[in-house]
Visitor: 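Quick one: structure below, then a few questions.
If you read the sequence from its start, that first residue is 1, and numbering goes on from there.
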Amino acid sequence: MPQEPTIWTIHELLSITQGELHQNCNNCIGPFRSFAFPLSQLTNDTVLLHIDDLGWAKKTVTASGQRNKSLQEILSKAEKLSNVLVVTSARNIPPTSVPIIVVSSTYDTLIEAAKFQRDRFEGKLIAITGTAGKSSTRDMLAALLTKIGTTFASKGNWNSRAGILLNLANIPQHTKFAVIEVGGGAIERTSEILKPDDAIITSIGENTTRRNPTIRNVAEMKAKLFLVLPKGGRAYFCEDVREFGILLKAAERAVPKIIGGDDDLGISIEILNRCLDKSILRVSTQNSVEEIECRVIGKGQLSNLALAAQTAFDLGVHPEEISLAIREFRLQRRKMEFIEISLDGKNISFLDDCHNATLISFKSALTHIREVITPEIYPIMIVGRIVHIEGQKKSIYTELAKEIVSCNPQAVVLYGPDLSYLSSSLEKSSVRVLASDTPLDVIECLKKIVPEKGFVFLKGSHRGTRIREVSTAIRSYARGGSLTR
């Protein structure tokens, strides 16, 4: 395995933080290959920020794993690894073998680290936002760009302001490309540091908060990513995106790249056939036409693929390399993931899409199901809630119920709380509705109703319901695991 590049040296950290080294500085400290505040990212050769002062958002503190953790607990974890440096604003330092830099604010240190690393980054930075499809498009684009140069991709779903700063602080200086996922609410507060060269908006849909109560508000918020592009920067979006006009106006000072429009962009991807577990595509350029099979399924994910392919093409990836990467590409686990399983001896087709859920991603998945399953198959759907729809639950769940009903389900298993609007809408359409509160409840429901050669679809937001535990439980039981409460 090639060694990860050096990200930080001790001298750079002391310079940008203006902090004091609690241990004597010597040649044994550093270099460091990652910069982190989530404890899940703590490994050897890491600079770890101790979350111990004002400035950190409550959600970030919780997600970091540092909530209610003392400096002593943090240091105990660091002592089990090699070459870890802890940055803290605490003044009472317990005895430890771990080198420590003491600063006035660790959140300010994160900001300064992100600025420093972004300013010395020598490559191209592509930022991606949207209601749905951000991380899938990021992964696809990173896989394509890797064909022509070293590529850094942001980690996980860290797309809040703190997450974006964290990812910027981890970009290796000499990497050719950086692909950064950006949450819509963080665009305004990070744009001066982020400074994208090109940008992608994947979709606009009903994923609203009190600050953005309408689709138009959502589009205006996300369109700000195009407004911060430099002259000549490229703004990528699809011709059928909602609030197209808002995105187009925001892209005026850049170079609009509209996927599915009338302009010849040099490469196009046409869907020839959709199957339950794969898609047949035609990839066309001025000099070549090729039909390929890929494992990316669903309208939304195929749109994401087209956005990524066009961006990669414009950045210099050869069409043959694009076609090869598309053939090889696999989405992350639980993103429109199709597998065959066995439940109590019954062979089941299982479509697992519980990575996250918005109305727009639900519609994409349900459209795929309508298009590919045969009339004699009546799907069983396990449905969890959608988050960030304050004030619109009734209208959104009513619309979702119509989409579900159009798939002619055998039954719908509702998982978790806060789904009364969806339940009543489905029952009005004479759909069989079952309620479940635990993964075990879901499996017990499936055991009673799933037929031989049945089809099971799982989707919902993990936040607040932990629906991915249902996915884990189903897979474990299918492998022969036992049911325990």
Visitor: With a 6.0 Å cut-off (strictly less than), is the heavy-atom count around OH of Tyr421, excluding the residue itself, greater than 12?
Guide: no
Visitor: For Ala365 and Met336, work out which heavy atoms get closest and say how close.
Guide: CB-SD, 3.8 Å
Visitor: Strictly by modelled atom types, are Lys257 and Thr311 linked by a side-chain donor-acceptor pair under 3.5 Å?
Guide: no
Visitor: Taking side chain as C-beta onward, heavy atoms only, is Phe35 less than 4.5 Å from Leu49?
Guide: yes
Visitor: With no hydrogens and no angle check, is any side-chain donor or acceptor of Arg385 less than 3.5 Å from a backbone partner on Thr465?
Guide: no
Visitor: Does Lys224 pair with Glu220 as a salt bridge, N-O distance under 4.0 Å?
Guide: no
Visitor: Please determine whether the number of non-hydrogen atoms from other residues, nucleotides or ligands lying under 6.0 Å from atom CD of Glu270 exceeds 12.
Guide: yes
Visitor: Can you tell me if Arg370 and Ser406 form a side-chain donor-acceptor pair at under 3.5 Å?
Guide: yes
Visitor: With a 3.5 Å distance limit and no angle check, can you tell me whether Asp139 reaches the backbone of Leu331 through a side-chain donor-acceptor pair?
Guide: no
Visitor: Calculate, to the nearest 0.5 Å, the distance between atoms OG1 and NE2 belonging to Thr358 and His388 respectively.
Guide: 11.0 Å
Visitor: Walk me through whether Lys278 and Cys294 qualify under side-chain contact (heavy atoms from CB on, under 4.5 Å).
Guide: CA-CA 6 Å; Lys278 62 187 176 184; Cys294 78; over 6 Å; no
Visitor: Please test Leu422 against Ile404 for side-chain contact (heavy atoms from CB on, under 4.5 Å), starting from the C-alpha separation and ending with a verdict.
Guide: CA-CA 10 Å; Leu422 180 57; Ile404 291 173; 4.3 Å; yes
Visitor: Is there a donor-acceptor contact under 3.5 Å linking the side chains of Arg334 and Thr472?
Guide: yes
Visitor: Are the side chain of Ser284 and the backbone N or O of Ser268 linked by a donor-acceptor pair below 3.5 Å?
Guide: no
Visitor: Does either side chain, that of Arg475 or that of Ser471, offer a donor lying less than 3.5 Å from an acceptor on the other one?
Guide: yes
Visitor: For Thr202 and Ile200, indicate whether the former's side chain and the latter's backbone hold a donor-acceptor pair under 3.5 Å.
Guide: no
Visitor: Of all heavy-atom pairs between Gly205 and Ile215, which one has the smallest distance, and what is that distance?
Guide: C-CD1, 3.3 Å
Visitor: Under a 4.0 Å threshold between the charged nitrogen and the carboxylate oxygen, would Arg333 count as salt-bridged to Asp352?
Guide: no
Visitor: Hey, does Pro172 have a side-chain heavy atom less than 4.5 Å from the side chain of Ile7?
Guide: yes
Visitor: Let me confirm one number: the CZ-CZ distance from Arg161 to Arg189, rounded to the nearest 0.5 Å.
Guide: 6.5 Å
Visitor: Which label fits Trp158 and Phe37: parallel for a plane angle under 30°, tilted from 30 to 60°, or perpendicular past 60°?
Guide: perpendicular
Visitor: With a 4.5 Å limit on heavy-atom distance, are the side chains of Leu458 and Glu337 in contact?
Guide: no
Visitor: In the structure I gave you, are the side-chain heavy atoms of Asp240 and Lys299 within less than 4.5 Å of one another anywhere?
Guide: yes
Visitor: Any chance the rings of Phe121 and Phe152 have centres within less than 6.0 Å?
Guide: no
Visitor: To check you understand the geometry: which heavy-atom pair defines the closest contact between Ile474 and Ile443, and what is its length?
Guide: N-CD1, 4.0 Å
Visitor: Evaluate the side-chain proximity of Ile128 to Leu307: yes if any heavy-atom separation is below 4.5 Å, no if none is.
Guide: no
Visitor: Take atom NZ of Lys402 as the centre, draw a 6.0 Å sphere, and report whether it contains more than 12 heavy atoms from other residues, nucleotides or ligands.
Guide: no
Visitor: Closest approach of Ile246 and Ala223, non-hydrogen atoms and distance?
Guide: CG2-CB, 4.0 Å
Visitor: For Leu125, does its backbone N or O pair with a side-chain atom of Asp197 as donor and acceptor, under 3.5 Å?
Guide: yes
Visitor: Does Ile386 reach the side chain of Leu400, with side-chain heavy atoms less than 4.5 Å apart?
Guide: yes
Visitor: Run the salt bridge (Lys or Arg N to Asp or Glu O under 4.0 Å) check on Glu290 and Arg327 step by step: do they pass?
Guide: CA-CA 12 Å; Glu290 189 174 5; Arg327 279 195 184 94; 2.6 Å; yes
Visitor: Within this structure, what is the CZ-CG distance for the pair Arg282 and Leu272, rounded to the nearest 0.5 Å?
Guide: 4.5 Å
Visitor: Give a yes or no on whether the backbone of Leu229 and the side-chain of Arg253 come within a donor-acceptor separation of less than 3.5 Å.
Guide: yes
Visitor: Work out which heavy atom in Ile259 is nearest to a heavy atom in Ala306; give both atom names and the distance.
Guide: CG2-CB, 3.8 Å
Visitor: Got a sec: does the CD of Glu452 have more than 12 other heavy atoms crowding it under 6.0 Å?
Guide: yes
Visitor: Got a second to check how far Glu122's CD is from His174's NE2, nearest 0.5 Å?
Guide: 5.0 Å
Visitor: Would you say the side-chain atoms of Glu12 pair up with the backbone N or O of Thr9, donor to acceptor, closer than 3.5 Å?
Guide: yes
Visitor: Okay, side chain of Lys134, backbone of Gly130: is any donor-acceptor separation there less than 3.5 Å?
Guide: yes
Visitor: Please evaluate residues Ile258 and Leu248 with respect to the criterion side-chain contact (heavy atoms from CB on, under 4.5 Å), reporting the C-alpha separation (whole Å), side-chain torsions for both, the decisive distance (0.1 Å), and the verdict.
Guide: CA-CA 9 Å; Ile258 304 168; Leu248 182 62; 4.0 Å; yes
Visitor: So, taking the atom named CD1 in Ile164 and the one named OG in Ser191, what distance separates them when rounded to the nearest 0.5 Å?
Guide: 10.0 Å
Visitor: Is any side-chain heavy atom of Leu144 closer than 4.5 Å to a side-chain heavy atom of Glu321?
Guide: no
Visitor: Say you draw a straight line from CD1 of Ile297 to OG of Ser364; how long is it, rounded to the nearest 0.5 Å?
Guide: 9.5 Å
Visitor: Salt bridge or not for Arg295 and Glu293, using N-O below 4.0 Å?
Guide: yes
Visitor: Compute whether any side-chain donor of one residue and acceptor of the other, for Thr131 and Ser203, lie under 3.5 angstrom apart.
Guide: no
Visitor: What are the two closest heavy atoms between Phe338 and Ser349, and how far apart are they?
Guide: CE1-CB, 3.7 Å
Visitor: One pair to check against side-chain contact (heavy atoms from CB on, under 4.5 Å): Ile126 and Tyr236. What are the steps and the verdict?
Guide: CA-CA 10 Å; Ile126 304 94; Tyr236 296 88; 6.0 Å; no
Visitor: Hydrogens and angles aside, do Glu181 and Ser154 bring a side-chain donor and acceptor to less than 3.5 Å of each other?
Guide: no
Visitor: Are there over 12 heavy-atom neighbours, none belonging to Lys393, within less than 6.0 Å of that residue's NZ?
Guide: no
Visitor: Tell me if a side-chain donor or acceptor on His355 pairs with a main-chain N or O of Lys335 at a distance below 3.5 Å.
Guide: no
Visitor: For Gln392, is there any backbone N or O sitting under 3.5 Å from a side-chain donor or acceptor partner on Ser395?
Guide: yes
Visitor: Going by heavy atoms in the side chains, are Leu343 and Val456 under 4.5 Å from each other?
Guide: no
